[in-house]
K.L.:
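Here's a structure for you.
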Amino acid sequence: QKEVEQDPGPLSVPEGAIVSLNCTYSNSAFQYFMWYRQYSRKGPELLMYTYSSGNKEDGRFTAQVDKSSKYISLFIRDSQPSDSATYLCAMVLFTGTASKLTFGTGTRLQVTL
Amino acid sequence: SQTIHQWPATLVQPVGSPLSLECTVEGTSNPNLYWYRQAAGRGLQLLFYSVGIGQISSEVPQNLSASRPQDRQFILSSKKLLLSDSGFYLCAWSGTFKNYGYTFGSGTRLTVV
């Protein structure tokens, strides 16, 4: 079993739709949870991070963590064509000297006009 | 502000040839540095990380090696490339424990032929 599971998609939605992206994880030692956005042939960029169960909002993006269920979500409101990208969830584990991120495989999102 | 540089952007190499990918970080000192490989449909796999000059931790046994000759320089190498070394290689850096997210470079797409 992979430590982090993420549906690869692709997920196609019309402009203006609400998008829900999800990941599950198995390692209860993960301490922080992140979402990255990756455009084609580019490096991932950090969108949001959170460490506690509950919701965190930033503009059109909401990150949700449920530690009891080992489940995290990213919601995108009023989706735009510029949101078309691959979204990767990532879980942080501290080793004592460095933070190590374990990534999901990524969900490819296409927002159509 | 901090920036990360990674080159080259694309590389086509024959099987059995050597490899050297370079990554440098500007605007910060003593960063934690990481090499990831991203294969299609498989997400990001951590290859190496370094918490200081000359300190390299390897995550998976493979045909690659890493070195950190200077504080802000991280090099990924191979003596003889295999077909299976093809992929998208990403360098990333992170700061102290209070700066958990990674900042990624723009990546190198390596094709071994």
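By convention in this document, chain letters (A, B, ...) are assigned in the order of the sequence lines, proteins followed by strands, and residues within each chain are numbered from 1.
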K.L.:
Whether the side chain of B/S17 engages the backbone of B/P14 through a donor-acceptor N/O pair (distance < 3.5 Å, no angle test) should be reported.
P.N.:
yes

K.L.:
Taking atom types as modelled and ignoring hydrogens, do the side chains of B/S94 and B/Y34 form a donor-acceptor contact shorter than 3.5 angstrom?
P.N.:
yes

K.L.:
Under 3.5 Å, side-chain donor or acceptor atoms of residues 54-62 of chain A against the rest of the protein: list the pairs with distances, not counting sequence neighbours.
P.N.:
| unit_1 | atom_1 | unit_2 | atom_2 | d |
| --- | --- | --- | --- | --- |
| A/N55 | OD1 | A/Q64 | NE2 | 3.0 |
| A/K56 | NZ | A/Y49 | O | 2.7 |
| A/E57 | OE2 | A/R77 | NH2 | 3.4 |
| A/R60 | NH1 | A/R77 | O | 3.1 |
| A/R60 | NH1 | A/D78 | O | 3.2 |
| A/R60 | NH1 | A/D83 | OD2 | 2.9 |
| A/R60 | NH2 | A/D83 | OD1 | 2.9 |
| A/R60 | NH2 | A/D83 | OD2 | 3.3 |
| A/T62 | OG1 | A/R77 | NH1 | 2.9 |

K.L.:
Can you say whether A/Q31 sits under 4.5 Å from chain B via the side chain, the backbone, both, or neither, judging by heavy atoms?
P.N.:
neither

K.L.:
For a quick test of reading the model, state the closest non-hydrogen atom pair linking B/S58 to B/Q62 and the distance between them.
P.N.:
OG-NE2, 4.2 Å

K.L.:
What pairs of donor and acceptor atoms, side-chain ones from residues 106-113 of chain B against any protein atom, are under 3.5 angstrom apart with sequence neighbours left out?
P.N.:
| unit_1 | atom_1 | unit_2 | atom_2 | d |
| --- | --- | --- | --- | --- |
| B/T108 | OG1 | B/P8 | O | 2.4 |

K.L.:
Top residue by heavy-atom pair count (under 4.5 Å) with chain B, among A/K42, A/K100, A/Q6?
P.N.:
A/K100

K.L.:
Heavy-atom cut-off 4.5 Å, strictly under: side chain, backbone, both or neither for B/Q45 against chain A?
P.N.:
neither

K.L.:
Does any heavy atom of chain A fall under 4.5 Å from the side chain of B/Q55, the backbone, both, or neither of them?
P.N.:
neither

K.L.:
State, with a plain yes or no, whether a side-chain heavy atom of B/H5 is found less than 4.5 Å away from one of B/T24.
P.N.:
yes

K.L.:
Is A/R41 close to chain B through its backbone or its side chain, or both, or neither, when contacts mean heavy atoms under 4.5 Å?
P.N.:
both

K.L.:
Report, in residue-number order, which members of residues 7-16 of chain A are under 4.5 Å from chain B by heavy-atom distance.
P.N.:
none

K.L.:
According to a 4.5 Å side-chain heavy-atom criterion applied to Ile, Leu, Val, Met, Phe, Trp and Tyr, with indirect links allowed, do A/V4 and A/Y71 form part of one hydrophobic cluster?
P.N.:
no

K.L.:
Do B/N32 and B/Y49 have side-chain atoms, one donor and one acceptor, less than 3.5 Å apart?
P.N.:
no

K.L.:
Please name the pair of heavy atoms, one in A/W35 and one in A/S73, separated by the smallest distance, quoted to 0.1 Å.
P.N.:
NE1-O, 3.5 Å

K.L.:
Over all heavy atoms of both residues, which pair between A/L88 and A/F103 is shortest? Give the atoms and the distance, please.
P.N.:
CB-CD2, 4.2 Å

K.L.:
I want to know whether A/Y25 and A/F33 have ring centres closer than 6.0 Å.
P.N.:
yes

K.L.:
Could you tell me which residues in residues 66-92 of chain B have at least one non-hydrogen atom under 4.5 Å from a non-hydrogen atom of chain A, sorted by residue number?
P.N.:
B/F88, B/L90

K.L.:
Given 3.5 Å as the limit, does a donor-acceptor pair link the side chain of A/Y36 with the main chain of B/Y102, or not?
P.N.:
yes

